[in-house]
2 protein chains.
Amino acid sequence: MNKRQNKITIVDVATEANVSFGTVSRVINNDIHVKPETRERVQQTMERLNYVVNRQAQKLAGGRSNVIGLLVPDLGTGYIGEIIRGIDSELTLSDYDLMLYTTHRTASKEAGYVFSLAQDMVDGILLVLPRNPVDYTGTLAKKKFPFVLIDHQGTGKDCPAVGASNWQGAFNATDYLIQLGHKRIGFITGSLDLGAAIDRLDGYKTAMRTRHIPVESDLIYEGTFAQPDGYTGTIQFLNVEQPPTAIFASNDCMAMGVIDAIRDHGLKIPDDISVIGFDDIPQASLVRPALTTVQQPLEQMGRLATQMLLEILTDTDSKPHRIELPTQLMIRDSTAKPKAVQANREVIP
Amino acid sequence: MNKRQNKITIVDVATEANVSFGTVSRVINNDIHVKPETRERVQQTMERLNYVVNRQAQKLAGGRSNVIGLLVPDLGTGYIGEIIRGIDSELTLSDYDLMLYTTHRTASKEAGYVFSLAQDMVDGILLVLPRNPVDYTGTLAKKKFPFVLIDHQGTGKDCPAVGASNWQGAFNATDYLIQLGHKRIGFITGSLDLGAAIDRLDGYKTAMRTRHIPVESDLIYEGTFAQPDGYTGTIQFLNVEQPPTAIFASNDCMAMGVIDAIRDHGLKIPDDISVIGFDDIPQASLVRPALTTVQQPLEQMGRLATQMLLEILTDTDSKPHRIELPTQLMIRDSTAKPKAVQANREVIP
DNA sequence: TGTTCATATGGAAGCGCTTACATTATTTGA
DNA sequence: TCAAATAATGTAAGCGCTTCCATATGAACA
């Protein structure tokens with residue numbers, strides 16, 4: 001059906017411009033060996049004919065396709081959306097297109113399959129938090145295929161990656177709570193098979209210990225980054241003999257669950273319990289009370305990762321490195337001094 | 001760098017299976033003319049060799065690429081995310097991959113360019129709310145390229161499309177407010193160059209007139225679907241001699257702006273002013289008070305559109321049709337009877 | 001047993017491009 | 001001025017596949 005349309009090819013341009021198609025190809029690829037006038041003439045012809053290079057053929061013939069692949073685990077959360085925006089805006093500047101793969105789709109098939117597919121389609125791959133990282137990075141590295149990891153606190157392996165300082169972010173958030181006067185701080189973890197989740201837990205623990213506050217196991221609830229975990233974890237905390245006066249959820253989604261649970265128990269935020277999240281997804285500032293959270297520069301991460309990939313793509317042998325972007329505590333309305341301290345304050349002065 | 005890898009081709013499979021590559025191709029394409037045993041043998045060989053067909057070559061040689069293109073205006077809102085999820089989940093079932101184009105990127109270049117690009121890359125196109133619809137649909141139709149429009153109340157042209165009943169949704173929401181007792185209802189429109197926005201405005205007006213409530217121009221504010229419009233519009237409404245007791249924003253984003261504005265004026269929702277949105281994006285139920293809104297079945301729209309496209313792709317001559325999905329009023333906490341009515345109630349009984 | 005069909009397979013051409021390599025035009029130096 | 005070097009262009013092969021046409025293999029019939 002869509003065959004033999006009025007598609008114009010390199011040959012048409014060549015004929016029209018009175019050169020061989022080889023020359024046209026050279027113009028397309030910015031080859032040195034073209035006389036300026038010829039180049040000019042060919043370019044004008046291309047424009048006049050509305051010629052657009054066929055990337056399939058380009059890639060097939062051994063060139064680049066100017067397409068980069070993006071592998072994401074899921075589209076559910078605003079989280080990925082932010083990252084994609086960064087990627088997209090960076091790509092805009094560079095004439096690359098984007099191929100989107102959701103890894104959950106091919107969960108059954110092995111990682112290798114995805115690559116075989118992607119490989120002859122795209123020039124490089126951006127990998128967001130794969131479910132089974134080693135699988136992917138292993139295959140990728142072995143095939144020497146250009147790629148950059150996003151938000152993946154790696155398996156020690158030094159491959160190009162951009163992430164955020166999860167540890168520092170969690171540390172700061174916890175420390176902030178402690179400074180407010182909180183001593184009993186509940187922590188809800190993410191999926192602990194993810195480096196980011198571990199780092200956040202570590203940051204929390206370290207902050208507690210630094211301030212000589214014991215880390216109690218019944219104030220740590222193991223979640224999976226999903227909203228219901230926040231709810232369940234909170235319920236559990238509330239049943240502890242001496243419930244926490246603050247809850248730190250490993251991401252904003254779970255923090256929303258925390259808020260719901262607290263509210264359902266007739267308690268007020270932040271008066272009775274303070275809540276902190278992680279990520280700073282768009283709705284964090286929209287909920288009431290506005291959520292205090294640790295901001296991850298998601299969009300910037302996407303942007304940076306793209307830049308890195310593009311660099312690898314051009315500068316064939318740029319050494320792999322890992323960039324860690326700073327996180328930032330966004331103090332909003334869901335945190336306050338614990339009641340006891342507030343009371344004290346009122347009495348003392 | 002990534003040339004001459006251990007990539008295995010159709011020829012490798014052929015050799016290994018002791019048939020010609022033509023036969024292998026036939027197996028791949030489910031051609032009738034292959035002896036069952038041969039087919040079986042070839043398939044096993046493919047599996048053993050981890051063969052994955054090269055879609056570029058496939059497409060280039062005149063076949064399908066099993067990739068469909070998705071054109072979206074932007075990734076900003078959760079809105080698109082929801083749609084993509086639907087598309088993705090449907091695609092999962094059908095072994096197609098997804099190519100993502102953001103049209104804002106190529107705003108400068110004409111629509112035709114995008115297609116020339118997409119055309120030899122993908123088998124069909126899903127188009128979400130393009131900025132300049134006619135441009136796109138025109139080119140598309142002319143080239144007889146398979147496509148489906150999503151959430152685009154078209155230009156009369158009957159091309160395959162799936163949308164939601166914007167008119168009905170707006171009508172119902174408005175009527176609900178009226179039934180609650182509201183008489184002065186502010187309406188904030190979307191970009192009126194979009195059919196969906198017009199339909200919503202129409203639904204509002206019709207509901208008002210049906211109930212014999214005059215439509216007043218100073219209770220209609222022309223927005224663009226962006227959050228700040230909600231804020232600005234509300235400020236304007238509040239300065240009207242007799243301000244509205246309810247505000248209906250044409251989408252949830254703007255409703256968030258409305259909420260902020262009301263709050264900044266020291267008024268309470270829904271006690272002083274009721275608020276209704278449109279879309280039911282994820283955070284609608286997360287904000288406080290939870291937003292009453294008109295739910296668009298975004299994910300389902302994505303899913304349906306994909307099904308339609310896939311059908312067009314297989315069943316070459318299925319006639320184009322437009323599907324309209326019902327919208328649904330989600331009553332939550334941002335709407336209530338107006339004060340006057342509440343007062344009456346307390347007095348009368 | 002030899003003819004016909006249908007059925008199954010092999011092989012060539014070509015999709016639009018890149019990239020050697022071959023060829024021709026142009027410059028430079030003596 | 002002419003050879004030698006260099007710049008510019010043309011050409012063929014091939015990327016991995018589909019598809020059409022040709023050939024080979026049987027089965028069915030006379």
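Quick note: numbers below take in every heavy atom, side chains included, and nothing from hydrogens, waters or symmetry partners. Naming convention: chains lettered A, B, ... in sequence-line order (proteins, then strands); numbering from 1 in each chain.
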Chemist: From CD of Gln56(A) over to P of dC17(C), roughly how many Å is that when rounded to an integer?
Modeler: 11 Å
Chemist: Atom CZ of Phe21(A) to atom C1' of dT11(D): distance rounded to whole Å?
Modeler: 6 Å
Chemist: Whole-Å distance between dT9(D) P and Arg26(A) CZ?
Modeler: 8 Å
Chemist: Using only side-chain N and O atoms of Ser25(B), determine if any of them is under 4.0 Å from OP1 or OP2 of dC17(D).
Modeler: no
Chemist: Does dA8(C) have OP1 or OP2 sitting under 4.0 Å from an N or O in the side chain of Thr38(B)?
Modeler: no
Chemist: Backbone N or O of Asp120(B) within a donor-acceptor pair of the Lys59(B) side chain at under 3.5 Å?
Modeler: no
Chemist: Using the side chain to side chain contact (heavy atoms under 4.5 Å, CB included) rule, pick out the option among Leu126(A), Ile125(A), Asp123(A) that qualifies with Leu309(A).
Modeler: Leu126(A)
Chemist: Tell me which of Ala57(B) and His33(B) sits closer to the 5' end of DNA chain C, going by the nucleotide each one is nearest to.
Modeler: His33(B)
Chemist: Report the distance from atom CG of Asn54(A) to atom P of dC17(D), rounded to the nearest whole Å.
Modeler: 16 Å
Chemist: Tell me the interatomic distance from Leu60(A), atom CG, to dC17(C), atom P, rounded to whole angstroms.
Modeler: 11 Å
Chemist: Any side-chain N or O of Thr9(A) less than 4.0 Å from the OP1 or OP2 oxygen of dC15(C)?
Modeler: no
Chemist: Decide, yes or no, whether a salt bridge links Arg55(B) with Asp97(B) under the criterion of side-chain N to carboxylate O below 4.0 Å.
Modeler: yes
Chemist: Rounded to whole angstroms, how far apart are CG on Asp31(A) and C1' on dA8(D)?
Modeler: 10 Å
Chemist: Heavy atoms only, 4.0 Å cut-off, all strands: where does Asn29(A) land among base, sugar-phosphate and nothing?
Modeler: sugar-phosphate
Chemist: Heavy atoms under 4.0 Å, any strand shown: does Val11(B) hit a base, just sugar-phosphate, or nothing?
Modeler: nothing
Chemist: For Val34(B), does its backbone N or O pair with a side-chain atom of Thr38(B) as donor and acceptor, under 3.5 Å?
Modeler: no
Chemist: Considering only dT9(D), dG10(C), dT18(D), which nucleotide approaches the side chain of Val34(A) most closely?
Modeler: dT9(D)
Chemist: Rounded off to whole Å, could you give me the NZ-to-P distance for the Lys35(B) and dT7(C) pair?
Modeler: 14 Å
Chemist: Looking at Arg39(B) and Glu37(B), is any side-chain nitrogen of the basic one under 4.0 Å from a carboxylate oxygen of the acidic one?
Modeler: no
Chemist: If I take atom NZ in residue Lys59(B) and atom P in nucleotide dG14(C), what distance separates them, rounded to the nearest angstrom?
Modeler: 21 Å
